Each structure stands twice: as C-alpha cells, then as structure tokens.
Amino acid sequence: MISPLLTDLYQLTMAYGYWKLNLHEREAVFHQIFRKQPFKSHYSIACGLAIAAEFLENWHFAEDDLNYLATLKAPDNGDLFTHDFLEYLKNLRLSVDIDAIPEGTVVFPHEPLLRIKGPLIQGQLLESTLLNIINFQTLIATKAARVCQAAAGDPVLEFGLRRAQGPDGALSASRAAYIGGCAATSNVLAGKKYGIPVSGTHAHSWVTAFPDEMQAFSAYAKVMPHNCILLVDTYDTLAGVRHAIEAGKKLRENGGELRGIRLDSGDMAMLSQKARQMLDAAGFTQTKIIASNSLDEYIIKKIKENDGVITVWGVGTHLTTAYDHPALDGVYKLSALKDEKDQWIYKLKLSEQIVKISNPGIHQVRRFMREDQKIVDVIYDLKLGISDTPDCFPLDGAHAAIKLTDFDSSTDLLKPVFRRGKLIAQLPSIHDIRATAKNQIEQFLQTSEPIIGLENNLYHLKQKMIADVSKKNNE
C-alpha cells in the first residue's frame, strides 16, 4: 500500500495553508497532462491507472504517518503543523471525482490523462503521487511499444530488473513494458504480482561454474530438458553454438529439445546469420535465436536492416530506465476553483514559454476518426460544451483552425473512475489493457498525422484570459 506521505512537502504545507484559511473544502478541478512526447515519438501509451486506483482506494493517513508529521519543525524550531491540522488529516477520506483516459489508449501532449474534481485540499495532496505513478508507467509503456514496433512482430522479453531504478521501479517497469507489448518479463515478482508471463535463460556464471562450456551446457540440458536455452558467448560465440548443438543432440536422445540459444555480445547480425546456418544444418531449424546486450529500438532496427535472423529480443537497461528520455514531462495543474458564492472561476498559469501556459476550465477530450485513417483530438470545456462539428484550433501552431465536418465517428476519452472517492469503474485485466494498446497502436500507425487542439469556445476563452491576466499582473 502506498502511503499518502509519498508526496512533496510543499503539498502538505499548501494543504495546511488551505485548511488554515478555510479554503480546503472549496471545489476545485485539476488536470494531469504531459507537455512533450518522449523519445521523439509520435504517440504515447497511457499507463498506470490501475496502480493509481489501488493507491486511491487505500488513501488515508495512518497513525505512524501522523506521528512522523508531528515531529517536523519549522525554521524557528516550532511545530511545522498544528495538532488540530493533524487531527483533521487523521479523519480525512477521499471524496473526489476522478475521470481518466483508460490504460492502453494512444495519447498526445496537453490532453488530460486524469481530471480530478473535488475539495481543493484533496486534489492538492494527490498531485505528487499521481504524477509519480502515471508519468513513469506511461513513459515505459511508450518505450516498450517503440521497441516492439522495431521488432516487427518478433517477441520482445523485458530483462531490465537488475538495472531498473530500485525495486518499485523494476515492478512498475515490468508492468508497463508488458502493456506496451513485451511478451514476458524476467522479473519473477512482477509475474506473480501482475500475472505477466516470465521467461529466462541462464547467466555466464553458470558456464564458468563448470570446467568447460560443454559440461556446463550438458548439465543445464539435464536439469532443464524442456526449458533449455543456452547462452553461447561466454568464451567464443561460434564455438558456443557448436557446443549447444552437441548438447541439443544429446537432449533429443532423451526426449528433450534445444529451445534456443542466446547471443549477448558481438556483431548480432553476422553472428545470428552464422548461428542460424549451423543450427539448420544440424537439424535444429526450430531452435530460436535470442539476442540481448543493451538493445533498444534503434539497434534492433539496425540489426534487421543488416539481415540479422534473431527470433526473440531481450531488452533490459534501455527499456526499464527509459535510457534516452528518462522522464515524462508530466504536470498537474489547477484549472478551476469555486469562489465563496459557489461559482466556478477558471484558472490559468502564464509563462514566457507558450508550451507552459495551462488550459483553463473543466476538460474532456473528444477523439474524431474518419475511416480509422485520421485522428483529431479536441480538448473542450464541459460547461462551454462542444458541437457535433466543432472548430479545432491545433495546439502545435502548424495548422490553421479546422472545422470537423468530415469525420464518421467520435468518442470522449475521459471515463468515470471514482465518484465521491469510491471506485466505480470495472478496471480491465492487464492482458486486456495490453490488447487495447496493441490495437490502438496498429490503428494509429495507419493514420495520417494526428491533430490535437482546443475547441473553439475554450480557445477563445483561453486567449481572453491570457490577455486579462497579463494586464492585471502588469498594472
């Protein structure tokens, strides 16, 4: 169970301030978005909602959490939080409404992955944890999808446990990688916890534990006759392939089968070609060739371009750490707050960087499709509404406003998940989420460039608010 103390201190100091000023129960709306696609990708895969839901269902401050908060001191050595505030937290339970884009959905920058509506203090206290969960898993699911796309239908195994960012990072990465398309993980705990298929071979230490490679392979074949995959590059790769073939022949005599060999170093394209020739010539045409060794989508693509004959890819470090883009640019912004008269006041954050100017309002995202060949996502405000053929103002600035008159289907992406703090959605299994992601990616890859924009009313409201806020703050 994740403690609500998995947060930044400033969330608690703001919460204390809202409580002290009697603003804490004001109804507010927050949105969680990301600003930029990771890996220079054209899409991302929403991921992490089930883990977030588990956190939210169990959200409360335990007695030891409050005891710890009571020890925190201000710079003048006084208590940072009063006893009355800690008593308030002790009795606090979630009553927020949360809508979310389902896991496995293809998503784009500036679209709200989550909309949180409820007491200001609750929305604030959820920020850091939700960002932590959703940002990382969306990042890894997207990386996995890219790796699997490069593998072009070959199975990809996630092997990143040993170099993942700590135990939870490893578990979260294994889950997200499976949703993104990986066929299995080496992480046994992730297999148990999430129902992910597990897969593995042996390490170089198995080979070096025996007097020579042949004895090592024979021993492994004896103890794993129906799961025999041999790592062949401990000493000399092609000699290792010959020894694997010898072990495979003896294995066959005893009713087993050499399921595969693993290459973990060297010129993968060349070595896989020679290994395939040797295996086929010896009658091991069904034996798979598994590649590992710091692979990513770029290396896999290059090996394929060089006519490598790998059948399974083991991807570790570059996947579970998102090596080339280690963080999703996800943020969580207040966009509406009720005043003392119970009227909604829309909120907006300005910035010299246009990409950092937030969108005001209470948002929904409508996806318009035309024969599965084009995607236009329109962010609109629930109070202002949206027509069946709205004007869309693209956020990239590269397209003029367009009127959506030639689309044959549309759907709203944010779906109800929590109401009054209670989980109301039937969340799908990890296998169903993975299937959704696969279908969404296949559909996306067949479309022309997607367009993401603001609906006409919201766009003009935002422009007016930018002008008004700029003027007010410059007076």
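This one's a predicted model, so the numbers in the text were calculated from it and none came from an experiment. Just so it is clear, the values below take in all heavy atoms, side chains as well, and ignore hydrogens, waters and symmetry mates. Residue indices begin at 1 and follow the sequence shown.
A parallel orientation is assigned to the rings of Y16 and W19, their planes being inclined by less than 30° (bins at 30° and 60°).
The ring pair (Phe, Tyr, Trp, His ring centres under 6.0 Å) search around F368 returns none, not counting sequence neighbours. Taking K36 as the reference, nothing meets the salt bridge (Lys or Arg N to Asp or Glu O under 4.0 Å) condition, with sequence neighbours excluded. With sequence neighbours left out, F136 forms a ring pair (Phe, Tyr, Trp, His ring centres under 6.0 Å) with no residue at all. Residues that satisfy the salt bridge (Lys or Arg N to Asp or Glu O under 4.0 Å) test with E371, not counting sequence neighbours, are absent from this structure. Taking K349 as the reference, nothing meets the side-chain hydrogen bond (donor to acceptor under 3.5 Å, both in side chains) condition, with sequence neighbours excluded.
For Y298, the OH atom is densely surrounded, since the number of other residues' heavy atoms within 6.0 Å is greater than 12. The number of heavy atoms from other shown groups lying within 6.0 Å of CD1 (I354) does not exceed 12. The number of heavy atoms from other shown groups lying within 6.0 Å of CG (D388) does not exceed 12. Counting non-hydrogen atoms of neighbouring residues, nucleotides and ligands closer than 6.0 angstrom, the CZ atom of R162 reaches no more than 12 such neighbours.
Taking the centre of each ring, Y88 and H24 come in below the 6.0 Å mark. In summary, the aromatic rings of H460 and F393 are positioned with their centroids under 6.0 Å apart.
Sorted by first and then second residue, the pairs that involve residues 139-198 and meet ring-ring contact (aromatic ring centres under 6.0 Å, His included), not counting sequence neighbours, are Y178-H431.
A side-chain N or O of Q124 and one of Y18 form a donor-acceptor pair less than 3.5 Å apart. Counting only N and O atoms by type, the side chains of T321 and Q165 include no donor and acceptor under 3.5 Å apart. A donor atom on one side chain and an acceptor atom on the other are not found under 3.5 Å apart for Y323 and R163. Side-chain contact, T105 with Q440: no donor N or O sits under 3.5 Å from an acceptor N or O. A donor atom on one side chain and an acceptor atom on the other are not found under 3.5 Å apart for E127 and T7.
The backbone N or O of K73 lies less than 3.5 Å from no partner atom in the side chain of N77, so there is not a single donor-acceptor pair. Counting only distance, with no hydrogens or angles, the side chain of T138 and the backbone of C47 share a donor-acceptor pair below 3.5 Å.
Salt-bridge formation is not detected for the pair D97/R420: no Lys NZ or Arg NE/NH1/NH2 atom is positioned less than 4.0 Å from an Asp or Glu carboxylate oxygen. A salt bridge links K304 with D154: the distance from a Lys NZ or Arg NE/NH1/NH2 to an Asp or Glu carboxylate oxygen falls below 4.0 Å. Using a 4.0 Å cut-off between a side-chain N of Lys or Arg and a carboxylate O of Asp or Glu, D99 and R419 qualify as a salt bridge. Ion pair E103/R175 flagged as a salt bridge, since at least one NZ, NE, NH1 or NH2 atom sits closer than 4.0 Å to an Asp/Glu carboxylate oxygen. Using a 4.0 Å cut-off between a side-chain N of Lys or Arg and a carboxylate O of Asp or Glu, R366 and E455 do not qualify as a salt bridge. Using a cutoff of 4.0 Å between basic side-chain nitrogens and carboxylate oxygens, D432 and R434 are not scored as salt-bridged. A salt bridge does not link K301 to E297: none of the charged side-chain nitrogens sits closer than 4.0 Å to a carboxylate oxygen.
Rounding to the nearest 0.5 Å gives a distance of 8.5 Å between CG of L328 and CZ of F39. In this structure, L130 CG and L56 CG are separated by 5.5 Å, a value rounded to the nearest 0.5 Å.
Considering only heavy atoms from C-beta on, W59 stays 4.5 Å or farther from R93 through its side chain. Here the side chains of V315 and T320 are not in contact, with every heavy-atom distance at 4.5 Å or above. At a threshold of 4.5 Å between non-hydrogen side-chain atoms, the residues K90 and L86 do not count as touching. You'll find the side chain of L337 reaches within 4.5 Å of the side chain of L120, heavy atoms only. Within the 4.5 Å cutoff, no side-chain heavy atoms of L263 are placed close to those of N293.
With I101 as the fixed residue, the side-chain contact (heavy atoms from CB on, under 4.5 Å) test singles out one of V417, L113, I134, L114: L113.
Annotation: cation-pi pair K117/F30 absent, no NZ/CZ under 6.0 Å from the ring centroid and within 45° of its normal.
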